Every structure is written in C-alpha cells, then in structure tokens.
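Nothing fancy with the numbering, it's 1 onward along the sequence. Ligands are counted one by one from 1 in listed order, and the atoms in each one are counted from 1 as well. What you see is a predicted model; the values in this text were computed from it and never measured.
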Amino acid sequence: MPNAISGFSKLSKSEKIEWLLNTYFTDKDKAWTLVKQYWNTDNKLQKLHDEFIENTITNYYLPLGVAPNFSINNRLYTIPMAIEESSVVAAASKAAKFWKDRGGFKAEVISTEKIGQVHFTYNGNFEELNRFFETVKPKLISETQDITKNMQRRGGGILDIQLRNKSNALKNYYQLHATFETLDAMGANFINSCLEQFAKTFKAEAKTALVGDLDIVMCILSNYVPNCLVRAEVSCKVEDLKSKDISNPELFAKKFKQAVNIAEVEPYRAVTHNKGIMNGIDAVILATGNDFRAVEAGVHAYASKDGTYTSLTHCTIDNSIFKFWIEIPLALGTVGGLTSLHPLVKFSLELLENPTAKELMKIVAVAGLAQNFGALKSLTTTGIQEGHMKMHLMNILNQFEATSEEKTKLVEHFKTNTVTHSAVAEAIENIRG
Ligand code: MEV
C-alpha cells in the first residue's frame with residue numbers, strides 16, 4: 001500500500017506525474033509516454049485544460065460526433081454529441097432522418113424557473129419566525145442588488161423567496177426557498193451567491209429581532225427543477241410509420257406503445273429506458289459544456305416525482321395517429337461556465353447556431369426523444385444487439401489490432417453475418433491464416 005502524500009496539489013505537474021509513476025506503475029516509461037501522448041502540443045490550449053480542475057495530469061478524450069438532419073420546429077440542426085458508446089450517434093442520426101420525413105420534431109419550453117434554498121435551524125416559535133421573515137424579506141432582496149443588477153437588466157433575477165416550515169420532518173429545520181430566472185445562464189453561481197447573501201442578511205437581522213437561536217446550515221441551489229420544463233414530440237399517421245425497417249406499421253406502433261407502457265409501470269425497465277434517453281441527452285449536454293451530473297440528478301428525481309420511478313417518455317395511438325413525447329426538466333446554460341472557455345464547446349454552440357438556453361433545452365429534449373425512439377424501435381423489432389454489435393465491431397477489431405485492410409474485409413463480411421466477439425475473433429484468425 002502506498003504512503004499518503006501531503007501537499008500533492010502544490011507539486012508541479014511533472015512532479016505529480018513523477019510521484020504517480022514511482023508509486024503505482026511498474027513500466028514507468030510506458031505510463032509516462034501515454035500521459036504525454038495526450039498532452040496538446042499547443043501549450044496555451046493545454047494550460048487552459050490544465051486549469052479547468054486541480055491536479056490535471058493529462059487529457060481524457062471522448063469522441064465528439066454529430067447527428068445531422070434534426071428537424072426541430074421546422075428548422076434543421078446538426079447536433080453535436082460527445083459520447084463513447086458506439087451506437088448512440090448512429091441511432092440519433094437514423095431517428096432524425098426518420099422523423100424529418102414525417103413532419104420533424106416539435107418542441108416547446110414550458111417553464112424556466114430555477115430553485116435555491118437556505119437551510120437553517122431555529123429553536124423558537126414559528127409564528128414569530130414567519131413575522132420576522134415577512135418583515136425582513138424586502139431587505140433580503142435589496143441586499144443582493146450588487147449581485148442581481150446585471151441579471152435584472154436583462155430581464156431575470158430573483159422571482160420569490162418563501163419561508164418553508166420543515167420542522168415536522170426534522171426538528172427545528174426551516175428553509176428560505178427561493179426561485180430565480182437566470183435566462184441564458186445555467187445560473188449556479190448567480191443563485192448560490194444570492195443565497196449566501198440572503199443567509200448573511202437573515203442571520204444578522206435575526207440577532208436583534210428574534211428571541212430563539214437561528215443558525216444557517218447551508219446555502220445551495222437545487223438541481224431538482226420541476227418548473228424548468230421542456231416538452232418534445234413527434235407524431236404521424238400510423239400508416240406513415242411504414243419504412244425500410246417497418247413493414248407492418250400497425251404492429252410496430254402497437255408494440256412500440258406497449259414498450260413505453262411497460263416502462264411507465266415497471267421501474268426495472270424504466271431505469272434502462274431512461275438510461276437510453278440520457279444517452280442522447282448527456283452527449284449533447286457534454287458537447288455544449290453543461291453539467292451532466294446536475295441534469296442526470298434532476299431528470300431522475302423528476303422521473304420519480306409521483307412516488308414511483310417511471311418512464312420519461314409517453315406514447316399514444318388515437319384515431320390512427322401515433323404520438324410519442326418526452327417532458328423533462330433541464331436547467332441549461334449557453335453563456336457562462338465552460339461555454340466561453342472550452343474551444344470545442346464554443347464550436348458545438350456555433351454548430352447549433354448559438355442557441356439561447358431555451359433553444360438548447362428543446363434541442364436536448366429532442367436528442368433524448370430521438371434516442372429513445374431508436375432504442376425502442378430496435379428493441380421491439382430486430383432486438384438491440386444487431387445494431388449495437390454492428391457499431392461495436394470497430395471496437396472489437398481495434399482490440400485485435402486489425403489493420404485497415406483487415407477492417408475493410410471484415411466490415412464487409414459482417415454486413416451479412418452476426419457480430420459476436422467470438423465470430424470476429426474467428427474471422428480475424430481465418431484472414432490471418
Ligand atoms: C443502451 O445504452 C441503452 C438501451 O438499453 C436503452 C433501452 O433499453 O431502452 C438500449
């Protein structure tokens with residue numbers, strides 16, 4: 001077991017790597033070469049990445065792919081996606097093309113409210129606390145003026161602050177529950193700064209105005225944003241679902257709807273169903289420099305808002321019209337954070353024609369819906385493995401260090417043969433004699 005190290009963050013980058021190599025690696029040269037191989041030759045660009053986090057030693061690549069032909073509200077988009085899973089971009093592109101020829105995706109932002117809370121304890125009387133809160137509320141807002149004036153000028157800011165009594169759930173626990181409009185910013189820094197100022201003012205005023213003890217526990221935004229909602233939808237006549245892969249559209253629509261209904265009632269299936277949705281969502285979130293952990297947490301909380309974890313998408317067939325839609329909370333930003341720093345994030349946003357946060361919400365929701373459509377279409381027809389393994393073929397070939405010539409031959413071979421790890425191994429062996 002290695003010894004603990006103190007002052008690691010103060011070491012230089014090479015000293016950190018040196019320590020890692022000496023402590024953990026048998027083949028130090030190999031590890032060192034690898035770490036260096038991923039450094040960018042442009043020192044300025046490398047420094048930018050080094051400074052995103054602490055203790056950066058190198059860069060970790062993910063492919064940035066694009067899915068073209070997304071018609072959203074009659075406007076065409078090419079959607080950037082950063083993801084490692086082989087079949088995701090291909091499935092998105094396929095779904096985009098399928099729906100472009102059937103009216104495209106329709107999307108609308110329902111609401112854009114963000115939330116933050118000051119969590120505190122108070123050991124006195126609630127009525128007294130409530131009276132104090134009502135008196136001090138204007139001051140809570142006015143003392144954040146320096147933080148909020150720019151946001152306010154653009155039309156955003158603090159929407160409201162409420163006092164919430166949580167003492168039934170936890171002794172002496174109360175909240176300032178605040179709502180915000182943060183426009184094109186995701187708003188985490190703005191919200192947290194406002195909350196910390198609320199807490200300072202609240203605590204200072206409480207000292208003279210309240211008899212009981214009031215203690216601030218913490219101030220933090222919530223990633224649960226059930227009132228920052230977007231909806232995306234596709235629909236067409238059932239008969240229009242007919243395509244190269246769908247010979248019987250009535251049967252397809254029926255089975256597809258059953259698959260959605262299963263995810264609506266069965267949490268084990270719902271989790272995987274929603275994971276597939278998040279394949280599309282996270283990929284766009286990452287490419288556009290947003291916080292995928294925040295989105296994941298908020299989306300899954302929303303999926304269980306009625307007490308049981310359920311599907312984020314829904315489907316109906318009424319009067320021979322097939323309708324498939326998603327409604328999800330997405331707190332996104334197209335300004336601030338990484339958006340003006342990471343060169344590929346800037347590239348991705350330009351590719352999307354520099355969307356507002358609301359436009360990005362629609363694009364991301366559509367990416368999630370498209371991904372789910374692709375997954376359910378495969379699952380209810382050919383099964384998932386056919387397409388998945390086709391896309392995974394290149395990874396297997398790379399594991400066997402196949403040459404370009406071998407790859408060309410084997411890709412051709414597996415157009416008409418089932419891809420499995422052992423089938424690929426056997427085919428390679430045959431080629432190599
Ligand atoms: C794999 O990453 C995602 C799927 O499992 C989603 C689903 O089952 O709906 C294919």
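- When the options Arg269, Lys275, His273 are ranked by their closest heavy atom to atom 8 (O) of ligand 1, first place goes to Arg269.
- Close approach of ligand 1 to Ala375 (heavy-atom distance below 4.0 Å) involves ligand atoms 9 (O).
- For atom 10 (C) of ligand 1, the nearest protein heavy atom (residue, atom name, distance) is Ile384 CD1, 3.6 Å.
- From the protein, the heavy atom lying nearest to atom 1 (C) of ligand 1 is Glu85 OE2, 3.5 Å.
- The number of heavy atoms from other shown groups lying within 6.0 Å of NZ (Lys106) is above 12.
- Salt-bridge annotation for Lys275 and Glu85: present, with a side-chain N of the basic residue lying under 4.0 Å from a carboxylate O of the acidic one.
- Contact annotation for Leu379 and ligand 1: only side-chain heavy atoms (C-beta onward) come within less than 4.0 Å of the ligand.
- If you look at Phe52 and His342, their ring centroids are closer than 6.0 Å.
- In summary, the aromatic rings of Tyr38 and Tyr61 are positioned with their centroids under 6.0 Å apart.
- Note: Phe256 and Phe373 have tilted aromatic rings, judged against thresholds of 30 and 60 degrees for the angle between ring planes.
- Among all protein heavy atoms, the one lying closest to atom 5 (O) of ligand 1 is Thr272 CG2, 3.5 Å.
- Scored by the salt bridge (Lys or Arg N to Asp or Glu O under 4.0 Å) test, Lys16 finds no partners at all (sequence neighbours excluded).
- Remark: among candidates Asn279, Leu376, Ile277, the nearest residue to atom 3 (C) of ligand 1 is Asn279, based on non-hydrogen atoms.
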